[in-house]
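What follows is a short report on a single structure.
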Amino acid sequence: WGNLGHQTIGYFLAPNALSFVQTTLGSQYNFSLGPAATWADMVKSEPAFTWSKNLHFVDAEDDPPSSCSVEEIRDCADQICVLAAIANYTTRVVDPTLDAEQIQEALKFIDHFVGDIGQPLHVEAVAAGGNDIDATCSGSKTNLHAVHTGMLTKNVDAVHGGTSEQYAADLVAEIQTGAFSSLTADWLSCTSTTEPVNNKREDATPSIERDVRALLATRDTAMVTPLECPLGWARESNAFDCSTVFNFEPEEDPELCEGTYFTNAIPVIDLQLAKQGFRLAAWLNVIFDGAP
Ligand code: DCM
Ligand code: DCM
Ligand code: DCM
Ligand code: ZN
């Protein structure tokens with residue numbers, strides 16, 4: 001959902017993860033994940049990175065708003081989707097055979113895709129993630145996909161000082177001491193709204209740790225996909241396609257950035273961005289510090 005969304009993720013890093021991030025990104029990205037998160041969207045239109053375009057989403061072949069679901073085999077059979085991309089770049093970010101540029105690319109992709117997978121329309125096939133559905137945002141004719149970036153921008157302007165930095169700080173405060181603080185353990189478990197993907201869940205290890213360890217132990221993404229957490233995250237996002245995103249009267253070009261639709265969407269957008277930022281940090285913390 002545009003630059004604003006991605007720049008809000010990337011707090012809560014443990015010491016080794018933080019150090020890796022700073023060293024890998026360097027001054028070009030102000031040593032931080034926020035500025036680096038937009039790189040993947042910028043390059044996908046360049047010929048050299050056309051291959052990465054379809055890694056930003058998974059086209060869930062479900063039927064919102066009546067039926068929502070994500071299935072790895074059904075929706076990502078060719079492994080060219082955000083689920084497989086997160087696994088691929090997780091192995092690449094610690095691959096000793098890759099050079100510094102490739103490692104930085106892997107980190108920038110993880111940074112970006114853990115955000116994208118939290119966007120309900122990046123986990124939906126209908127109308128190419130809503131891009132082909134006409135809608136209006138604050139009087140401007142656009143599409144349902146862009147409406148979600150428009151709503152986020154409008155809300156950040158209205159109540160977060162209009163900057164991604166302030167918005168991120170406000171979400172972090174919600175996580176640390178506010179309404180989200182009681183949810184973070186659940187966010188790490190990856191299980192809040194999902195069915196078990198495999199039969200490995202007798203132990204109490206948080207799923208993020210189990211996923212990352214399994215992946216890095218085998219260094220073979222094909223062996224361990226579907227990863228439990230990215231699929232669980234995708235299912236959480238996709239569920240919002242049924243509860244809020246596709247929940248409007250199919251009139252011609254409806255105004256969605258005002259009224260009930262907007263009011264219902266904003267808490268979901270805030271939740272998803274806070275959650276995925278927190279999960280991104282946990283993911284990197286397990287890779288580089290051994291625990292979330
Ligand atoms: N985008 C935009 N204006 C919008 C919505 C999106 O310029 N109203 C751009 C910003 C992102 C890209 O499209 O770089 C992908 O958006 P998203 O991540 O929201 O799908
Ligand atoms: N690439 C990737 N993931 C892989 C293999 C390759 O993202 N598992 C990317 C990295 C390079 C491009 O594809 O930008 C070409 O890689 P190579 O030269 O290794 O084929
Ligand atoms: N997108 C999506 N699902 C699709 C196609 C596109 O989520 N099936 C996303 C990718 C971009 C945005 O929508 O962030 C705009 O797509 P495009 O640049 O292909 O118009
Ligand atoms: Zn993207």
Side-chain angles (χ1 to χ4, degrees), residues 1-10 33-34 36-62 64 70 74-135 137 142-150 152-153 215-216 218-225 230 233-234 237-238 240-241 245-246 269 272-273 276-277 280:
W1 29 36
N3 296 353
L4 252 184
H6 290 292
Q7 287 192 359
T8 61
I9 62 183
L33 290 165
T38 52
W39 171 84
D41 269 343
M42 275 159 28
V43 298
K44 71 187 178 190
S45 53
E46 294 175 6
F49 283 93
T50 306
W51 55 268
S52 70
K53 221 177 164 209
N54 292 347
L55 302 181
H56 291 247
F57 52 83
V58 53
D59 274 342
E61 299 286 346
D62 57 354
V70 186
R74 181 191 66 189
D75 303 325
C76 192
D78 57 7
Q79 295 281 291
I80 299 175
C81 84
V82 69
L83 300 171
I86 290 173
N88 179 35
Y89 292 107
T90 299
T91 63
R92 286 175 70 85
V93 82
V94 291
D95 186 335
T97 69
L98 298 183
D99 64 28
E101 189 185 351
Q102 292 170 309
I103 297 284
Q104 191 200 63
E105 262 184 36
L107 180 61
K108 289 185 289 188
F109 276 130
I110 295 170
D111 187 12
H112 186 86
F113 293 149
V114 173
D116 270 352
I117 202 171
Q119 213 293 33
L121 285 167
H122 279 241
V123 190
E124 184 51 63
V126 167
N131 279 291
D132 299 337
I133 296 174
D134 292 335
C137 183
T142 180
N143 65 70
L144 182 63
H145 196 98
V147 155
H148 283 74
T149 303
L152 173 59
T153 304
L215 195 52
L216 299 186
T218 63
R219 292 284 163 84
D220 182 348
T221 57
M223 290 284 294
V224 293
T225 51
W233 302 340
S237 302
N238 168 268
F240 287 117
D241 287 319
V245 175
F246 283 89
I269 293 172
Q272 289 302 96
L273 287 169
Q276 293 311 115
L280 169 63

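Every number for a ligand or one of its atoms is a count from 1 in the order of the listing. Note that the structure is a prediction, hence the values are computed from the model and not measured.
- With a 4.0 Å heavy-atom cut-off, ligand 3 is reached by the side chain of Asp59 but not by its N, CA, C or O.
- Under 4.0 Å from ligand 3, the heavy atoms of Asn131 that appear belong solely to its side chain.
- Contact annotation: His122 places no N, O or S atom under 2.8 Å from the Zn ion (ligand 4).
- The Zn ion (ligand 4) is closest to atom OD1 of Asp41 (considering only N, O or S atoms).
- Closer than 4.0 angstrom to ligand 2 lie heavy atoms from Trp51, Asn88, Tyr89, Arg92, Glu105.
- Remark: distances from the non-hydrogen atoms of His122 to ligand 3 include one below 4.0 Å.
- Looking at His56, its N, O or S atom nearest to the Zn ion (ligand 4) turns out to be ND1.
- Counting heavy atoms closer than 4.0 Å to ligand 3, residue Gln119 contributes nothing at all.
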Practice item. Go through the steps for Phe49 and Glu105 under the test side chain to side chain contact (heavy atoms under 4.5 Å, CB included), then give the verdict. Key: CA-CA 11 Å; Phe49 283 93; Glu105 262 184 36; 3.5 Å; yes

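- For a threshold of 3.5 Å applied to N or O pairs, the pair formed by Lys44 and ligand 3 contains at least one separation below that value.
- Residue contacts with ligand 3 for His145 involve side-chain atoms from C-beta outward but no N, CA, C or O (heavy atoms, distance under 4.0 Å).
- Under a 3.5 Å cut-off, the side chain of Gln104 and the backbone N or O of Glu101 do not form any donor-acceptor pair.
- Checked against a 3.5 angstrom limit, the closest N/O atoms of Phe57 and ligand 3 fall outside it.
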